[in-house]
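By convention in this document, chain letters (A, B, ...) are assigned in the order of the sequence lines, proteins followed by strands, and residues within each chain are numbered from 1. Note that these values count all heavy atoms, side chains included, but never hydrogens, waters or copies made by symmetry. For clarity, every value in this text was computed on a predicted model and none was experimentally measured.
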There are 2 protein chains.
Amino acid sequence: MTQQRRVSVVLFEGFELLDVFGPVELLSGAPDLFAIEYLAPQAGPVRSSQGIEVLAPAGYDDAAQADIILIPGGPGTRVLVGQDRFLRWLADFGGSAQIVTSVCTGAAVLAAAGLLDGYRATSNKRAFRWVMTQGSEVEWVPEARWVEDRNRWTSSGVAAGMDMTAALIRRLSGSEVATALAAAAELDLHDDPAWDPFARLHGLV
Amino acid sequence: MTQQRRVSVVLFEGFELLDVFGPVELLSGAPDLFAIEYLAPQAGPVRSSQGIEVLAPAGYDDAAQADIILIPGGPGTRVLVGQDRFLRWLADFGGSAQIVTSVCTGAAVLAAAGLLDGYRATSNKRAFRWVMTQGSEVEWVPEARWVEDRNRWTSSGVAAGMDMTAALIRRLSGSEVATALAAAAELDLHDDPAWDPFARLHGLV
C-alpha cells in the first residue's frame with residue numbers, strides 16, 4: 001500500500017511565490033502520495049513578496065504533525081530570522097518531521113532555528129553571504145543546485161526548488177513518478193545537484 | 001522614460017498555479033516595467049486547481065484597460081470554454097489589449113473567445129487534441145515551446161509559460177532585462193521556441 005505523506009508548507013508575510021508554487025505544482029500531481037497543507041501565522045490571508053495574498057487554511061499553532069516541511073524564501077525571511085517565538089516553534093515543528101526542506105533563503109530560517117546545525121546546506125546564491133551569517137554550525141555549500149544531507153534538503157534560489165523537489169520525489173517514490181510529474185508540467189529538470197552556474201555568477205566559486 | 005505596462009492576469013476557479021506564478025515571478029522582478037493586476041469572476045478568493053485559494057483584488061467587471069493579458073490553463077478551462085458570457089467579456093477585454101498571452105490550456109479559452117482566429121498558436125501537449133477543437137480558424141502548432149504571432153503569444157504546458165514570458169520581456173525590454181530577471185530566479189531558460197520534447201512524448205509529431 002502506498003504511503004501518503006503530509007507536506008506542510010510554512011507561509012509567512014513576504015514569501016516568494018515560485019519558491020512555494022513550483023514545488024507544489026510537482027507534489028500536487030500525485031495526491032495519493034502527497035497531501036499538501038499550508039500554514040501561516042494565523043489562518044487567513046498571507047501576503048507574498050509579489051503582493052498577492054493567498055488564504056492559508058491553518059495557523060502555525062494548529063499544525064498537525066508533518067512528514068515533510070517546506071520553508072520557502074523571500075524578503076520575509078529577513079524578518080523571520082529575528083523572531084524568537086517563531087524560531088522556537090519551527091525548531092519543534094521541523095525537529096519532529098521526517099524530512100525538512102527549504103527553497104532559496106528559506107535555508108536562512110532553518111539555520112536560524114538551529115535545524116541545519118551539523119548539516120551540509122545551500123541557499124540562494126545572490127543572498128548567500130547573508131544566509132551564511134544565520135548558521136555558523138552549518139557546512140554551507142556555495143556551488144550546488146540543491147544539497148541532500150540525511151533528512152535535510154536545501155535548494156538554491158527560487159527555480160532550483162523545482163529541481164530539488166523532483167529529486168526528493170525520486171528518492172521517496174522512484175524516478176518513474178518524478179519523471180512523470182515533471183513531464184506533466186512540461187518541466188525540463190536539472191537532475192545533477194552539482195549543476196550551478198549561479199554560484200559563479202555571484203562570485204562564490 | 002520607461003513605459004510601465006499593465007499586465008492583467010485572468011484567474012478563474014481551477015486555474016493552474018504555476019501557469020500564473022511562474023510568469024509572475026519574472027514580471028514582478030521589474031516593477032518599473034510591469035504592474036501586475038489579478039482579475040477573478042468577483043473580487044475575493046478564487047480557488048486554484050491545486051486547492052489553495054488566492055485573493056483577487058478585482059472582478060472581471062472592474063477591469064481597467066490592460067496592456068498585456070495573461071490567461072493561464074488548468075482544469076477550469078474545460079468549464080470556461082462553454083461560458084458564453086465570460087467569452088464575450090474576454091473577447092472585448094483581450095481584443096482591446098496590446099498583447100494577448102496564454103499559458104498551457106489557456107489557449108483553448110482564447111480560441112473559444114475567437115481571439116486566436118487567423119493566428120498561429122500552441123498549447124499544452126497532453127491536452128492538445130482537445131484544445132484544437134476550440135478553434136477551427138486557428139493554425140495550431142503542435143511542436144513549439146511557445147508561439148509568437150504578431151501580438152498573440154501562446155505557450156505550451158505549465159513550465160513553458162516561464163520561457164514564453166522571458167521571451168516576451170526580451171522583445172519588449174531587451175535581452176539584458178530578461179536575462180537578469182531569469183538569473184534572479186535562478187531559472188535556466190529555453191530561449192529556442194522550437195524546443196519541445198513534449199510534442200513527441202504525446203505523439204503529436
Looking only at non-hydrogen atoms, find the nearest pair between B:Leu201 and A:Ala183 and report the distance.
-> CD2-CB, 3.9 Å
Contact part of B:Ala56 toward chain A, heavy-atom cut-off under 4.5 Å: side chain, backbone, both or neither?
-> neither
Might you confirm whether atom CZ of A:Arg152 has over 12 heavy atoms from other residues, nucleotides or ligands at distances under 6.0 Å?
-> yes
How would you list all residue pairs meeting salt bridge (Lys or Arg N to Asp or Glu O under 4.0 Å) that involve residues 179-197 of chain B, not counting sequence neighbours?
-> B:Lys125-B:Asp196
Within 6.0 angstrom of B:Arg85 CZ, more than 12 heavy atoms from elsewhere | no
Heavy-atom distances under 4.5 Å only: say whether B:Leu17 touches chain A with side chain, backbone, both or neither.
-> both
Measure the CD-OG distance between B:Glu16 and A:Ser28 for me, rounded to the nearest 0.5 Å.
-> 6.5 Å
Most heavy-atom pairs under 4.5 angstrom with chain B, which of A:Gly29, A:Ala159, A:Pro197, A:Ala160?
-> A:Ala159
Count the heavy atoms belonging to other residues, nucleotides or ligands that lie under 6.0 Å from CZ of B:Arg200, then report whether that count exceeds 12.
-> no
Considering non-hydrogen atoms only, spot the tightest contact between A:Ile52 and B:Leu55 and give its length.
-> CG1-O, 3.9 Å
What is the distance from atom CZ of B:Phe21 to atom CD of A:Gln50, rounded to the nearest 0.5 Å?
-> 8.5 Å
Give the minimum heavy-atom separation between A:Val158 and B:Ala185, together with the two atoms involved.
-> CB-O, 3.3 Å
Just checking heavy atoms, which of residues 163-173 of chain A are less than 4.5 Å from chain B?
-> none
